[in-house]
Amino acid sequence: MADIEELKARVCRVIDAHREEIIALGEDIRRHPELGFKEHRTAAIVSEHMQRLGIPHQTGIAITGVKGLLAGRSARATVAYMGELDSVLVRDHPDADPETGAAHACGHNAQIANLIALCYGLVESGVMAALDGNVALIAAPAEEYVEIAYRLGLRREGQIEFLGGKAEMLRLGALDDVDISMMTHQSSAKEEGVLSVGGPSNGCIIKFIRYGGVAAHAGGSPHQGINALKAAMLGLQAIDANRETFQDDDHIRVHPIITKGGELVNVVPADVRIETYVRGANVDAMLAAAQKVDRCLKAGAMAMGAQVEITTVPGVLPRIVPDALMGVYRRNAVALVGEEGWWTPVFGAGSTDMGDVCHVMPAIEAQARGASGTGHGSDYAICDPDLAYITPAKVAAMTLVDLLADGAAEARRVIASYEAPMTRESYLAFMRGLAREETWSAREAE
Ligand SMILES: [Zn+2]
Ligand SMILES: [Zn+2]
């Protein structure tokens with residue numbers, strides 16, 4: 001039996017040997033941001049490297065996803081390492097694509113560099129021959145929830161069902177053979193420490209709202225109209241009035257925007273549009289808050305005698321942290337960066353589709369402080385190329401060795417100790433159950 005520490009050192013040496021190339025690759029992707037379900041160039045880069053390394057892989061999963069598989073000497077577990085292909089949209093970011101506004105202001109370019117560094121490390125070290133499980137190497141599309149109208153179009157064309165990449169991968173069965181998942185996200189938070197895992201986080205439900213009224217001359221005959229903007233404002237006020245009923249531990253966030261407030265100032269608004277997320281730290285709290293939001297929106301319509309159409313789209317599920325898996329990762333992170341380099345995970349009020357993966361298997365979203373500035377902001381930048389592009393690949397490789405060496409005993413322990421809240425089937429049923437279109441009219445109620 002090869003010594004576990006020696007196996008880890010071997011993979012890390014290979015990753016170090018490719019340092020310059022990996023950093024250049026991460027920087028190249030940074031300069032060529034692509035939005036979700038359109039990441040064709042980035043996906044091609046992943047595929048080219050897998051080709052070069054002789055890693056059998058599929059492409060075009062959920063439009064742009066790539067999945068490679070490295071077999072161990074036996075297959076007692078399969079652990080996936082993921083990188084997200086997409087960028088976010090920040091038009092005034094210095095690296096933004098002038099045409100699309102896409103910019104890597106969330107550091108996903110580093111994730112693809114991590115993924116490819118890991119491919120090199122695992123293949124060229126020959127370490128797989130000493131492991132008792134497989135490693136799936138996955139480039140996942142469309143983590144950022146952007147360009148919703150475009151994605152609804154893809155859905156109408158039958159190209160996707162869900163609007164997020166990992167939900168699509170789950171739907172397509174791309175994770176059916178995977179027992180444990182890992183990935184690393186860049187963090188620009190300023191606290192002490194350089195590595196951790198993402199703490200629990202909010203999930204979200206997405207709502208598109210249209211208030212329908214009756215147009216009339218705003219000065220001459222408002223009494224003949226029904227003001228959809230007033231109805232919308234009352235709906236929003238009702239949501240605000242309910243905020244005191246949200247419980248602290250549930251971390252509910254409802255943050256609507258009005259995307260259309262009327263047509264002309266001298267016409268009573270008859271078509272007013274709102275979009276909102278309803279976020280929460282657990283599924284029950286999310287559902288309860290979403291129900292309150294619907295009730296409030298209807299109250300606005302009722303007060304004005306208007307109509308409201310509420311389209312609900314499933315977003316992502318809250319992130320859960322599996323202790324056993326975090327423990328294995330932490331041990332390896334500390335071996336690399338010391339106790340002082342580790343920070344304690346904290347709750348995150350944002351949302352990620354890694355939450356969906358956590359609901360069906362033990363999964364962690366590690367965090368590395370290789371970035372600076374504001375996430376999704378114009379000042380976001382990779383400030384430490386090693387922490388961004390190289391270190392996460394090494395910790396991932398070391399963690400994989402721990403999980404899959406010696407009969408994959410650690411992986412089996414991680415799997416056995418995690419009670420996934422859902423199966424793939426119940427997850428899909430839940431997500432499909434969330435999607436609905438409802439019309440409520442005060443005119444009919446009269
Ligand atoms: Zn982001
Ligand atoms: Zn991100």
Side-chain angles (χ1 to χ4, degrees), residues 26 29-30 32-39 42-43 46 62 64-65 81-93 95-97 100-115 138-148 150-151 163-169 181-189 195-204 206 253 255 277 279 315-319 321 345-358 363-384 387-389 392 396:
I29 297 172
R30 176 176 65 76
H32 296 90
E34 296 175 300
L35 293 167
F37 292 125
K38 299 176 184 173
E39 316 94 324
T42 314
V46 174
T64 51
Y81 188 79
M82 299 184 182
E84 293 164 348
L85 289 160
D86 63 330
S87 73
V88 68
L89 206 159
V90 184
R91 260 178 219 290
D92 60 350
H93 192 283
D95 300 327
D97 182 307
T100 63
H104 272 296
C106 204
H108 296 186
N109 57 311
Q111 297 185 22
I112 298 301
N114 301 157
L115 178 71
I138 296 175
E143 187 274 331
E144 303 286 355
Y145 226 93
V146 299
E147 294 194 303
I148 308 293
Y150 170 74
R151 293 185 192 180
L163 306 194
K166 295 193 191 67
E168 276 296 282
M169 294 196 102
S181 286
M182 291 196 289
M183 59 169 282
T184 313
H185 201 285
Q186 290 301 309
S187 164
S188 59
L195 288 173
S196 188
V197 301
S201 75
N202 270 339
C204 69
I206 295 149
R253 296 271 200 282
H255 41 91
Y277 281 11
R279 301 187 200 247
V316 300
L317 298 183
R319 192 169 55 199
V321 183
V346 291
F347 180 84
S351 310
T352 167
D353 64 2
M354 202 55 178
D356 296 37
V357 180
C358 296
I364 50 168
E365 181 166 5
Q367 308 274 312
R369 291 247 159 87
S372 62
T374 312
H376 294 199
S378 58
D379 62 345
Y380 187 91
I382 298 295
C383 64
D384 185 329
L387 258 183
Y389 300 130

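All ligand and atom numbering here is 1-based and tracks the order in the structure.
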Any donor-acceptor pair under 3.5 Å linking the side chain of [X] with the backbone of [Y]?
{"X": "S372", "Y": "S188", "value": "no"}
{"X": "H185", "Y": "E365", "value": "no"}
{"X": "Q111", "Y": "E84", "value": "yes"}

What's the count of protein N, O or S atoms under 2.8 Å from the Zn ion (ligand 2)?
3
When H108 is tested against each of L85, V88, D86 for side-chain contact (heavy atoms from CB on, under 4.5 Å), which residue passes?
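Among the candidates, only D86 passes.
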Set of residues satisfying salt bridge (Lys or Arg N to Asp or Glu O under 4.0 Å) with respect to E147, sequence neighbours excluded
K38
Answer yes if the side chains of D353 and Y145 hold a donor-acceptor pair under 3.5 Å, and no otherwise.
no
